[in-house]
Amino acid sequence: MAIDYKLKLFNTLSKKKEDFVPIQTGKASMYLCGPTVYDRATIGNFRTYIFGDILNRVLKYNDYDVKYVQNITDVGHLTDDADQGEDKMEKGSRKAGKSAREVAEEFTQLYFEDSAKLNIERPTVSCKATEHIKEQIEMIEELEKKGFTYKTSDGIYFDTSKQPDYGALAHLDKAGLQEGARVGVNTEKRNITDFALWKFSPKDEQRHMEWESPWGMGFPGWHIECSAMSIKYLGQPFDLHAGGMDLLPVHHTNEVAQNEAIYGHKTVNYWLHGGFILVDGKKMGKSLGNAYTLDDIAKEEFNNLVFRYLTFTAHYRQELNFTWESLSQAGSALSKLYKIVGSFLNNKPDNTISDEWSSRFLEAVNDDLNIPKAIAVVWEMIRDKNTPETLKLSTLYKFDEILGLDIEKNAKNYAQLIAKIPESIKQIKEDRDIARQNKDWKKSDELRDELESKGYEVEDAQDGTKVLPKINL
Ligand code: AMP
Ligand code: ZN
């Protein structure tokens, strides 16, 4: 059977893998929902951003000219999906004793720093909600003109009953939701699925962030921010919209509702949703004490790229169970990769790429971003006896355009460590070789222990003992 190299993506709209057909030949427009900058992003959030990064890199690898937009939610939105509860930004600023703008600035900065540590490429456009209040107000005005809004005592709401196919993206059971609605939750809402477009500032409280609008002082709802900014920068329709699975039933459903109410047609062709990270099989949460950040990983002496590698062990749509043990295994695998590639470096990479291995790699990444399969191809190639090391090197460097594991840099660092093995260590190795020839196993074991205590690992290969510097990622 002929191999199909065409890029295929699982589209939440059709619940099927589809060939990716861009709107404009050779170009791809994508939007990824970004962080709410009231706190440090967790490894859960970063799993989703790495998934977005892989999508961007795979599109580029397929020679698409990608315009990639991501929002920064620096306006508070409310802590639950029902537009009730506390405002995350205002709560975060109270906790830190700072203004909401200061908190947003601090965590935006940290978000970019953490992303860089994970080799997540910067989007073409990173846009802040607070800098697009005008666009959001204009969109709400448009919805108002078209008769999709109503006013309650606390804001302007979208009337989801005006849209016959509301919830189609998530295949929502509207009747079930209506029946299951809790009594007492915002009784002014006409339908349980209705959501806020604009919230009024409380009369008795000065908010850190509030703006004038045709409806009075207040602040925008969360969903309108992504609708307004995605269309401002990408136009409509645009190609791809991605985010975590949790965003599907409310946030993305409401983005679709707003957009289609205004434009009267589909505004996004492919919706992609990434699976969640669990910790020790359980939900991750701040209150559960398992909402780890990159600092927690660094504390355990793991290199940040180990986490990136760990996310490659599961397909992006599957759940990924994080444990310290699984991170440690990912660390061993990545160390091994750098070591083996480092040992190839006495050869110079040539500029040719292996057709056979790159076809198999492309087939994997283009099959709905199947990175676990692509990683298996990497390992198979590394171990293959018939592929020359020079070709392995140049092919791996090409693959790293998607993997983003800094293979070249880390392999070179490792090759330097090998080159710097001191004479004293080489001497112990030779003494040990002699002990082994003499079948003096006791001495051989003692010398192995000595090498290990000095930071080296000893491999008894067929062609003699190899002493290699340890790296612990
Ligand atoms: P938030 O800051 O909560 O709006 O989340 C930002 C992004 O991270 C969204 O795309 C979420 O879907 C995603 N996200 C949140 N928690 C997790 C998790 N445990 N695993 C994977 N993605 C997550
Ligand atoms: Zn969004």
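Note that the numbering runs from 1 along the sequence shown for the chain. Counting starts at 1 for both ligands and their atoms, following the listed order.
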(message) When you measure from the heavy atoms of G274 to every atom of ligand 1, does any distance fall below 4.0 Å?
(response) no
(request) Out of V37, I43, N45, indicate the one that has the non-hydrogen atom closest to atom 8 (O) of ligand 1. (result) N45
(request) Go through ligand 1 atom by atom and flag the ones less than 4.0 Å from a non-hydrogen atom of D246. (result) 11 (C), 12 (O)
(request) Please state which part of T36 comes within less than 4.0 Å of ligand 1, counting heavy atoms only: side chain, backbone, both or neither. (result) both
(message) Determine whether the aromatic ring centres of residues F302 and F307 are separated by less than 6.0 angstrom.
(response) no
(message) Using 30° and 60° as the class boundaries, would you call the ring planes of W198 and W215 parallel, tilted or perpendicular?
(response) tilted
(message) Is the distance between the ring centroids of H315 and F10 under 6.0 Å?
(response) no
(request) Would you check if the distance from the ring center of Y338 to the ring center of Y414 is below 6.0 Å? (result) no
(message) I need the minimum non-hydrogen distance between L234 and S29, along with the two atoms involved.
(response) CD2-CB, 3.7 Å
(message) With side-chain hydrogen bond (donor to acceptor under 3.5 Å, both in side chains) as the test, pick out the partner of H273 among T48, D246, T12.
(response) T12
(message) So, regarding I277 and ligand 1 (criterion: nitrogen or oxygen to nitrogen or oxygen, under 3.5 Å), is there a contact or not?
(response) yes
(request) Heavy-atom contacts with L247 under 4.0 Å: which atoms of ligand 1 show up? List them by number with element. (result) 9 (C), 10 (O), 12 (O)
(request) Closest by any non-hydrogen atom to atom 21 (C) of ligand 1: pick that one out of G44, A291, P35. (result) G44
(message) Using 2.8 Å as the threshold, say whether any N, O or S atom from H252 sits that close to the Zn ion (ligand 2).
(response) no
(request) Measure up the F195 and H223 rings against each other and bin them: parallel (under 30°), tilted (30 to 60°), perpendicular (over 60°). (result) perpendicular
(message) Between ligand 1 and G244, is the shortest N or O to N or O distance under 3.5 Å?
(response) yes
(request) Compare Y316, F276, Y49 and give the one whose heavy atom is closest to atom 7 (C) of ligand 1. (result) Y49
(message) Please verify the inter-ring angle class for F322 with Y292; under 30° counts as parallel, over 60° as perpendicular, anything in between as tilted.
(response) tilted
(request) Could you list the atoms of ligand 1 found under 4.0 angstrom from a heavy atom of G275? (result) 21 (C)
(message) Counting backbone and side-chain atoms alike, is an N, O or S atom of H251 positioned under 2.8 Å from the Zn ion (ligand 2)?
(response) yes
